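Throughout, numbering of the chain's residues begins at 1 and tracks the sequence. Everything quoted here is computed from the prediction, not taken from an experiment.
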Amino acid sequence: MSFIAPAGTPVTIRDLASGLAAPGSGASEALRAISGLPHAWSISSGRAAMTIILEAMRQASGDSKRDEVIVPAYTCYSVPASIERAGLRPRLCDVVPATLGTNPEVLRRQDFSRVLAVVSSNLYGLPNDLAGIESVCKEQGVLLLDDAAQALGARVDNRAVGSFGEAGLYSFDKGKVISTIQGGAIVCRPGPVAERLESAIATLPASGLVERVGNALKLGIYSVFLRPTLYPMIRALPFTGLGHTVYKTRFPIARLSNFSTAVATRLIGRLDELASARRRNAAALTAALEGEPGIELIRPLPGSVAAWVRFPLLVSDPDRRARLIAAFERAGIGATASYPRALADVPAVRSRMAPGDTDYPGARRIAQSIVTLPTHAYCPPDLPERVRKVIRECRN
Ligand SMILES: *Cc1c(COP(=O)(O)O)cnc(C)c1O
């Protein structure tokens, strides 16, 4: 029995070998080229990136009363966890199910009196309305952190996702556009935030030995077993954890190891190839599922090119969603219900969030109805047809 992993990067033996042979720092250079921003640093994770960007923003703002960060009410739990780690509080802004992102008009109506920064989400590699969000931030005098953890290589009007606002981040974790098991990067425009980041990064510790060796071994296993024929053998291992996130504020904030940096550099070099496989699979899934009753596809905004780290869709009825996920599982297709709750319903967030709206209908609807499908290069050509068959059999 084969099983198509929910997400993943086809890392080759040569990618791994290059990590061992050429410990390098080319990742920053490649990220400067992709983002068009002059500052880029690799770091131990996307969470570490978010934490130190927010700390640098706080210092640069010089206004200690500004201790809130506006986040989309439906995003990865690592976002509010990083905000807590930076000593700040999340303020939730509801999102629009049709785009999975922040509506600038809704953002504009938030209470900005204590807000330091706004965070985008670009979930599944689909760009948010970043130009709109950026102009609201300018108008309100707050900073924008463009969270491109899932959107390396995505673009809006030919501008890189991650490059909007003051600073952006990318993640190299397991389910992201490229993977070194753990890892991330920061990009930033010149100015006071970049200066603070420069000095914060200069004093970061090296990543721990156990962490380093562990990640290298896991990456070796991942590179072999991500193939559908082998994936069933490692699915049960806890570290695969593809498609799961937990709220955790304890994580290392360290430099990315030389090995991971070198592998990341290699994979960034293969970005076009990896992206075109995902785009092709997303286009084929769109064509196969267009007009399917009770299934709502998410369209990339006009002018944007998505990274399609997964293929999201909304199912009209929560019971059907549960049955669908189970049916995909039986059919060997790694579908996930993504983040199971809106942030307002995650106890650790609920207890810390700034008082604001009490209702987040958009975020709650997404949490109840989203399904994500795999798009990676190991997806077989008949995936769209198989997906459609499962969806049709699960209609009532
Ligand atoms: C994964 C993710 C992060 C955190 O990145 P890690 O490398 O896993 O720490 C932040 N934001 C979003 C939207 C993510 O998907």
Crowded around [X] [atom1]? As in, over 12 foreign heavy atoms under 6.0 Å?
X	atom1	result
Asp63	CG	yes
Arg270	CZ	yes
Arg14	CZ	no

Does [Y] offer a backbone N or O that forms a donor-acceptor pair with the side chain of [X] under 3.5 Å?
X	Y	value
Ser42	Thr261	no
Arg47	Ile253	no
Arg114	Arg66	no
Ser304	Ala306	no
Arg321	Gln368	yes
Thr75	Pro72	no
Asp129	Pro104	no
Arg189	His39	no
Thr249	Arg85	no
Ser163	Gly36	no

- Message: Can you confirm if the aromatic rings of Tyr124 and Phe311 lie within a centre distance of less than 6.0 Å?
- Response: no

Heavy-atom side-chain proximity of [X] to [Y] below 4.5 angstrom:
X	Y	answer
Asn128	Thr99	no
Leu219	Val263	yes
Val349	Pro90	yes
Glu385	Arg388	yes
Arg341	Tyr74	no
Cys188	Arg196	no
Pro300	Trp308	yes
Tyr339	Val346	no

Can [X] and [Y] be counted as an ion pair, charged N to O under 4.0 angstrom?
X	Y	result
Arg364	Asp359	yes
Glu393	Lys389	yes
Glu296	Arg365	yes
Lys176	Asp173	no
Glu273	Arg278	no

- When you look at Arg395 and Glu292, which way does the side chain to side chain contact (heavy atoms under 4.5 Å, CB included) test go after all the steps? CA-CA 10 Å; Arg395 203 171 290 165; Glu292 238 0 87; 2.9 Å; yes

- Applying side chain to side chain contact (heavy atoms under 4.5 Å, CB included), run through Tyr77 and Lys248 and close with a yes or a no. CA-CA 8 Å; Tyr77 302 170; Lys248 226 173 79 180; over 6 Å; no

Would [X] end up clustered with [Y] when hydrophobic side chains under 4.5 Å apart are linked, directly or stepwise?
X	Y	answer
Leu123	Val305	no
Leu126	Leu301	no
Val106	Val96	no

Mind checking the [atom1]-[atom2] spacing from [X] to [Y]? Nearest 0.5 Å is all I need.
X	Y	atom1	atom2	answer
Gln110	Gln140	CD	CD	10.0 Å
Asn281	Ser276	CG	OG	9.5 Å
Phe328	Ile4	CZ	CD1	10.0 Å
Glu166	Met57	CD	CE	6.0 Å
Ser369	Arg320	OG	CZ	12.0 Å
Ser171	Met50	OG	CE	10.5 Å

- Item | Ile133: hydrophobic cluster co-members (side-chain, 4.5 Å) | Ile70, Leu107, Phe112, Val115, Val118, Leu130, Val136, Val142, Leu144, Val156, Val161, Phe164

Compare every heavy atom of [Y] with every heavy atom of [X], then report the nearest pair and how far apart it is.
X	Y	value
Thr203	Ala200	OG1-O, 3.0 Å
Ser223	Tyr378	O-OH, 4.1 Å
Ala48	Phe251	N-CE1, 3.8 Å
Pro374	Ala5	CB-O, 3.3 Å
Leu197	Ile52	CD2-O, 3.6 Å
Ala307	Val177	CB-CG2, 4.1 Å

- Audit row: Tyr170, Val187, side chain to side chain contact (heavy atoms under 4.5 Å, CB included) steps and yes/no: CA-CA 8 Å; Tyr170 301 105; Val187 291; 3.9 Å; yes

Consider only side-chain N and O atoms of [X] and [Y], and report whether a donor and an acceptor are under 3.5 Å apart.
X	Y	result
Asp15	Ser18	no
Thr372	Thr336	yes
Tyr247	Glu84	yes
Asn122	Ser120	yes

- Query: Relative to Phe259, does Arg212 satisfy both conditions: NZ or CZ under 6.0 angstrom from the six-membered ring centre, and within 45 degrees of the ring's axis?
  - Reply: no

- When you look at Lys174 and Gln182, which way does the side chain to side chain contact (heavy atoms under 4.5 Å, CB included) test go after all the steps? CA-CA 7 Å; Lys174 294 174 294 275; Gln182 278 181 19; 5.6 Å; no

- Name the one of Leu289, Leu285, Ile298 that satisfies side chain to side chain contact (heavy atoms under 4.5 Å, CB included) with Leu313? Leu289

- Not counting sequence neighbours, list each pair that qualifies as a salt bridge (Lys or Arg N to Asp or Glu O under 4.0 Å) and has a residue in residues 130-150. Arg108-Glu139, Glu134-Arg159

- Query: Should Arg352 and Glu68 be marked as a salt bridge (Lys or Arg N to Asp or Glu O under 4.0 Å) after you check the CA-CA gap, both sets of side-chain angles, and the distance that decides it?
  - Reply: CA-CA 10 Å; Arg352 285 184 56 83; Glu68 294 177 1; over 6 Å; no

